[in-house]
Amino acid sequence: PAQERLWFLDRLAPGSSAYVMPLALRFRGGIEPGRVEAALIAVEARHPVLRRRLADGPALREVPSAPFVLPVLHGDAALVQRRALAPFDLSTEPFWRACLVRLPDGDAVLVLTVHHLVADGISMGVLLNDLGRALAGEPLPPHTGPSYGALAAVRRAQLAAPDSQAALLRQAARLNEANEALLANS
């Protein structure tokens, strides 16, 4: 349901950065790109939602994707900002991306961007924790628990139940009454 709303909003305003969740990590003195790439591959393997794409509509499905390759760019803070806030094309792109920007002072910035369709503030913390562990060389445990798709299917079934539909209609009627009262008093 929430995923469907975000898909709908993206269809209304394609190319928007409104639901882009960027993260930039600066490595003083730089970092080996292969180490970062291996860590990101481990994080993607642990989180199935990062391997999902949109079907013909708001439903996510896991699809085979090309192996992740970390782009390494040379630039400055402006490039980091442009890469961090670039909108997603939900019809063709993965829901996450990363690049390593080498700065003139020898530092490097990992720009990790995730679409809100597959992450929120809490899950970004989980991703960041997993990334830190993978960068430190720790193996990540396999994914456990229900998949997002399974949870969404349960929620969709709950919303389709007759008693749920009746509750939604009652709520819509109450909102309509409140709206009419506001209009009458304005």
Side-chain angles (χ1 to χ4, degrees), residues 1-10 16-54 58-63 65 67-73 75 77-90 93-103 107-156 158:
Q3 164 193 56
E4 291 170 0
R5 282 190 297 275
L6 288 175
W7 173 83
F8 177 76
L9 290 170
D10 183 72
S16 170
S17 293
Y19 295 100
V20 170
M21 301 180 69
L23 177 69
L25 300 173
R26 187 174 190 137
F27 297 94
R28 300 274 180 209
I31 190 167
E32 170 59 37
R35 181 174 159 199
V36 177
E37 183 175 276
L40 288 167
I41 289 170
V43 169
E44 182 186 42
R46 176 160 163 41
H47 297 280
V49 73
L50 297 178
R51 298 187 303 273
R52 297 196 179 271
R53 304 290 178 271
L54 284 176
L60 287 179
R61 60 185 169 93
E62 191 162 335
V63 297
S65 57
F68 176 75
V69 177
L70 180 68
V72 179
L73 310 170
L79 176 62
V80 169
Q81 185 172 8
R82 281 194 310 276
R83 295 295 295 214
L85 298 177
F88 284 87
D89 180 349
L90 296 181
E93 285 185 83
F95 301 129
W96 75 283
R97 62 176 166 249
C99 70
L100 190 66
V101 179
R102 293 189 186 272
L103 302 175
D107 290 353
V109 177
L110 172 63
V111 180
L112 175 63
T113 310
V114 181
H115 194 280
H116 190 47
L117 192 71
V118 295
D120 59 14
I122 292 172
S123 55
M124 285 296 283
V126 172
L127 289 173
L128 182 59
N129 182 53
D130 284 349
L131 178 61
R133 291 172 54 199
L135 284 169
E138 294 179 36
L140 297 179
H143 173 75
T144 58
S147 70
Y148 181 84
L151 293 174
V154 168
R155 184 66 179 141
R156 227 179 259 108
Q158 290 171 339

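Nearest approach of Pro141 to Arg46, heavy atoms of both residues: O-CD, 3.1 Å. Residues Arg51 and Ala45 approach most closely at NH1-O, 2.9 Å, considering heavy atoms. Closest heavy-atom contact between Val36 and Leu135: CA-CD2, 3.9 Å. The nearest pair of heavy atoms linking Leu140 to Asp130 is CD2-O, 3.6 Å. Smallest separation of non-hydrogen atoms from Val126 and His47: CG1-CE1, 3.8 Å. Between Gly75 and Val101, the shortest heavy-atom contact is N-CG1, 3.9 Å.
Listed by first and then second residue, the salt bridge (Lys or Arg N to Asp or Glu O under 4.0 Å) pairs involving residues 30-42 amount to none (not counting sequence neighbours). Sorted by first and then second residue, the pairs that involve residues 111-122 and meet side chain to side chain donor-acceptor pair (under 3.5 Å), not counting sequence neighbours, are Asp120-Ser123.
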Side-chain polar contacts of residues 17-30 - donor-acceptor pairs under 3.5 angstrom, sequence neighbours left out - could you list them?
residue : atom : partner : partner atom : Å
Ser17   : OG   : Leu85   : O            : 2.5
Arg26   : NE   : Asp107  : OD2          : 2.9
Arg26   : NH2  : Asp105  : OD2          : 2.6
Arg26   : NH2  : Asp107  : OD2          : 3.2
Arg28   : NH1  : Asp107  : OD2          : 3.0

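The closest side-chain heavy-atom distance from Arg97 to Pro71 is not below 4.5 Å. Side chains of Arg133 and Asn129 form a contact here, defined as non-hydrogen atoms less than 4.5 Å apart.
Taking Arg83 as the reference, nothing meets the salt bridge (charged side-chain N to carboxylate O under 4.0 Å, His left out) condition, with sequence neighbours excluded. Pro67 is linked by a side chain to side chain contact (heavy atoms under 4.5 Å, CB included) to nothing, counting only residues two or more places apart in sequence or in another chain. Residues passing the ring pair (Phe, Tyr, Trp, His ring centres under 6.0 Å) test with Phe68, sequence neighbours excluded: Trp96.
More than 12 heavy atoms of other residues, nucleotides or ligands shown are found within 6.0 angstrom of CD on Glu93.
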Give the C-alpha distance, both sets of side-chain angles, the deciding distance and a yes or no for side chain to side chain contact (heavy atoms under 4.5 Å, CB included) between Leu40 and Leu112. CA-CA 9 Å; Leu40 288 167; Leu112 175 63; 4.3 Å; yes
Run the side chain to side chain contact (heavy atoms under 4.5 Å, CB included) check on Leu110 and Ile31 step by step: do they pass? CA-CA 9 Å; Leu110 172 63; Ile31 190 167; over 6 Å; no
Side chain to side chain contact (heavy atoms under 4.5 Å, CB included) between Val111 and Leu73, worked out: CA-CA 11 Å; Val111 180; Leu73 310 170; over 6 Å; no
